Amino acid sequence: MASLYGEGTPGIALRIYDGVRTDPEGLMFDSHPNTDKITPVHFEALEYISFPQHSWTLQILSTPEFEQRYSHDSAHIIAIAGSGVSLLLAVLTWQLATGRARAFARAQAMTRELRESEERMRHMAQHDPLTHLPNRALFSDRLQAALARARRDSAGAGLMFVDLDHFKPVNDAYGHAVGDHLLVAATKRMRDCLRESDTLARVGGDEFVVLLPHIDTRDDARLVAERIRTSLALPFLIDNHALAISASIGIGIFPEHGSDDVTLIKSADDAMYRAKDAGRDRLVFAD
Ligand SMILES: Nc1nc2c(ncn2[C@@H]2O[C@H](COP(=O)(O)OP(=O)(O)OP(=O)(O)O)[C@@H](O)[C@H]2O)c(=O)[nH]1
């Protein structure tokens, strides 16, 4: 029970019950099974206000002293006015609180959606849709960062161009979809030859690049390149077709074959073309 009217108007109080059933004349009521038993009280000492759409019942209590001072009707009006204002405030507060909570939840959901779509867009802008490998733009960023680190640490880095051999005949003989599946399978084989910290990127139709950001000697790069060459030279079984391809690999070492990304890329790319010219399925180091 709470007295709403402070010290100036002692003797009047308001109770709000939820789930109370009034009797047909509104004089007596039973308690809800979950509330305490409410003792019936004489009409002169209280008023009831039931809300048809709700299970609430207001009980307005007044002491005989209060009624002597203000009369029953005044007590009634003061209580009704007071409870009306209280209810209005409670409803407003509830609406503001839930409205704010809803607006807050919606804003959070929108922020999340926005962030996810930004991440999707950024991923699409930086990755190849077929193999999901980094594309040329992302590779270029990673290469520049790796060379800056290697320069600072006076360390080595390796760059490889890996171009598949005899890929076009696969497309021509079995169709583009089989060619696509072969590119995905070749990607997996190459990825399995690399460390997590290495970057494999797709920079053309059947052309890939590999960044080895930490190598001590050119033999480190040779070993990785040889592993890739061997794994790509094994037959692929794609959509029930046994397919044979291979790879020509050009290798450039930082800083030996280029002290900046542009020079290093050109050196490794030239080496790859020399591997093609020399008969394919081989590694060639940059000059
Ligand atoms: N299936 C498929 N084919 C592609 C895709 N992108 C490019 N290609 C094809 O890949 C082939 C690449 O050409 P080449 O590198 O000259 O073909 P190649 O037979 O490997 O030639 P060499 O490298 O000289 O051995 C072309 O036929 C392109 O149409 C792709 O996303 N999917």
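Counting convention: from 1, in listed order, for ligands and their atoms alike. The chain is numbered in sequence order, starting from 1. Model, not experiment: these values are computed from the prediction.
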Going by the salt bridge (charged side-chain N to carboxylate O under 4.0 Å, His left out) test, which pairs reach into residues 193-210, not counting sequence neighbours? D128-R202

Using a cut-off of 6.0 Å, state whether more than 12 heavy atoms not belonging to R274 lie near its atom CZ. yes

For ligand 1, the residues whose heavy atoms come within less than 4.0 Å (ordered by chain, then number): D163, L164, D165, H166, F167, K168, P169, N171, H176, G179, D180, L183, R202, G205, D206, K276, R280

Counterpart residues, side-chain contact (heavy atoms from CB on, under 4.5 Å), relative to T217 (two or more places apart): D219, D220

Do you know which two heavy atoms are closest between R222 and I251, and how far apart they sit? CA-CD1, 4.5 Å

Atom pair CZ/CG of R152 and L147 - distance to nearest 0.5 Å: 12.5 Å

Those residues that, when tested against H123, pass ring pair (Phe, Tyr, Trp, His ring centres under 6.0 Å) (two or more places apart): H127

